There are 2 protein chains.
Amino acid sequence: MQDKNCQGRGQWHGKFHGCGCRMTAGRETVIRVLQETSKHLSADEIFIRARKINPDIGLTTVYRTLEKLSTMGEVHRLDSGDKRGRFELADSEKGHHHHLVCTMCNSIIDYDDFIDEEIKLLKETEKKLSQKYNFNINSHLIQFYGICEKCK
Amino acid sequence: MQDKNCQGRGQWHGKFHGCGCRMTAGRETVIRVLQETSKHLSADEIFIRARKINPDIGLTTVYRTLEKLSTMGEVHRLDSGDKRGRFELADSEKGHHHHLVCTMCNSIIDYDDFIDEEIKLLKETEKKLSQKYNFNINSHLIQFYGICEKCK
DNA sequence: TTGTTAATGAAAATCATTTCCATTAAGGAG
DNA sequence: CTCCTTAATGGAAATGATTTTCATTAACAA
């Protein structure tokens with residue numbers, strides 16, 4: 001049995017086909033980079049790491065892949081406050097977590113404490129909102145903003 | 001007694017002074033534009049409306065004011081998916097609300113249904129997180145992503 | 001009223017992201 | 001396995017939101 005956090009090429013192949021897209025070397029590389037990090041990388045940082053695996057990949061492909069994965073709900077684009085987008089796999093090895101974002105230095109802390117109750121409430125809320133607004137909810141983003149330990 | 005959602009110049013004057021800043025005509029104009037809309041405006045849209053109130057204001061000042069208010073926690077910058085930032089007053093006439101964001105058309109729906117329980121849980125979570133991570137929490141952002149009624 | 005210095009506007013610079021376009025390759029059909 | 005359609009690609013150029021620069025103005029404490 002395959003661990004759900006260690007999805008192989010096959011699973012992704014299926015996901016892309018499900019929306020009329022193809023699985024390619026470039027896409028596989030970007031996904032692998034995202035799977036192998038615990039950080040919130042920018043497109044450029046992803047590109048640099050991707051080049052080490054697959055020297056032929058272009059920055060444009062990285063952007064296009066992130067865009068597509070984002071639309072598919074497989075990747076979250078975070079706005080950390082600096083002007084580059086930052087990306088993380090929706091269903092990463094880190095497991096479900098939310099963010100503390102420092103508005104001084106733009107650092108992001110992942111947390112997964114106290115999260116069980118949150119998730120329960122979110123599930124209920126999702127259900128109610130889906131019905132009321134006739135909106136298909138795929139994912140959510142929860143962030144707390146403030147000043148981190150260092151910046152205080 | 002003054003309604004808390006209808007803060008006058010004085011209140012803002014105090015807030016700016018509290019962080020060593022000055023209250024100026026430009027800042028007042030930007031705040032007024034934000035107070036008078038129920039939409040999630042981009043910097044450029046805010047600039048256009050601000051010009052109607054105060055024809056001398058520059059786009060640069062709009063950006064700088066939004067940046068400052070954002071750092072102060074008085075304004076939230078939303079990432080709607082298109083590449084411009086969108087802004088809303090943290091404590092607006094709309095009252096506390098969260099967002100449904102359509103990943104197809106980038107539209108944003110405000111909702112304030114079912115929110116009381118959410119807020120209660122958030123308050124508790126904030127308290128716990130503040131302690132554990134020694135992080136001063138000023139505000140939060142909750143968004144659900146999916147496909148809206150129109151795009152289905 | 002004055003002095004200090006934060007704030008401003010306009011123009012130029014920056015730089016993340018997107019578009020263009022000729023070329024390549026995924027993967028279904030045969 | 002080979003062919004064919006067309007999605008995907010890479011590099012260069014374009015785009016456009018945001019930031020920086022710098023000389024000038026104005027907030028406000030003394």
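What you see is a predicted model, and the numbers here were worked out from it, not measured in a lab. Letters A, B, ... are given to chains in the order of the sequence lines, protein chains preceding strands, and every chain is numbered from 1.
- Distance from the side chain of Thr24(A) is smallest to dT9(D) among dT9(D), dA7(C), dT17(C).
- Residue-to-nucleotide proximity on DNA chain C shows that, of Thr65(B) and Arg77(A), the 5′-proximal contact is made by Thr65(B).
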Salt bridge (charged side-chain N to carboxylate O under 4.0 Å, His left out) between Arg86(B) and Glu45(B), intermediate numbers included
CA-CA 9 Å; Arg86(B) 300 196 160 268; Glu45(B) 290 165 340; 3.2 Å; yes
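- Side-chain nitrogen and oxygen atoms of His17(A) include at least one within less than 4.0 Å of the OP1 or OP2 phosphate oxygen of dG27(C).
- Taking atom CZ of Phe16(A) as the reference point, atom P of dA25(C) lies 18 Å away to the nearest angstrom.
- Between Arg84(A) atom CZ and dC15(C) atom C1' there is a gap of 10 Å when expressed in whole angstrom units.
- In terms of position on DNA chain D, the residue among Ser42(B) and Met23(B) whose nearest nucleotide sits closer to the 5' end is Ser42(B).
- Nearest nucleotide to the side chain of Arg51(B), out of dA26(C), dA10(C), dC28(D): dA10(C).
- In this structure, the CG atom of Asp56(A) is 11 Å from the C1' atom of dT9(D), given to the nearest Å.
- Of all nucleotides listed (dT9(D), dT4(C), dT18(D)), dT4(C) comes nearest to the side chain of Arg22(B).
- Rounded to an integer number of Å, the gap from CG of Leu59(B) to P of dA7(C) is 18 Å.
- Between the CD atom of Glu67(B) and the C1' atom of dA6(C) there is a distance of 16 Å, given to the nearest Å.
- Remark: the His99(B) side chain and the Asp110(B) side chain contain an N/O donor-acceptor pair separated by less than 3.5 Å.
- The distance from atom CG of Asn54(A) to atom C1' of dT9(D) is 11 Å, rounded to the nearest whole Å.
- Heavy-atom nearest nucleotides on DNA chain C were determined for Arg64(A) and for Gly20(B), and the one closer to the 5' end corresponds to Gly20(B).
- Here the side chain of Ala43(B) is nearest to one of dA11(C), dT18(D), dC20(C), namely dT18(D).
- Listed pair His13(B) / dA27(D) fails the phosphate criterion, with no side-chain N or O lying under 4.0 Å from OP1 or OP2.
- Counting only heavy atoms from C-beta on, Arg27(A) has its side chain closest to dT9(D) among dA10(C), dT9(D), dA26(D).
- The Thr60(A) side chain lies nearest to dG11(D) when the options are dA10(C), dT18(D), dG11(D).
- For the 3.5 Å distance criterion, the side chains of His98(A) and His140(B) fail to qualify, holding no donor opposite an acceptor.
- Relative ring orientation between Trp12(B) and Phe16(B) is described as tilted, the plane-to-plane angle lying within the 30° to 60° band.
- Residue Tyr63(B) places at least one side-chain N or O under 4.0 Å from the OP1 or OP2 atom of dT18(D).
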Take His97(A) and Glu88(A) through the test side-chain hydrogen bond (donor to acceptor under 3.5 Å, both in side chains) and record every step on the way to the result.
CA-CA 11 Å; His97(A) 64 274; Glu88(A) 69 175 10; 3.1 Å; yes
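- The CG atom of Asp44(B) sits 17 Å away from the P atom of dT15(D) (whole-angstrom rounding).
- If you measure from atom NZ of Lys83(B) to atom P of dC15(C), you get 15 Å, rounded to the nearest angstrom.
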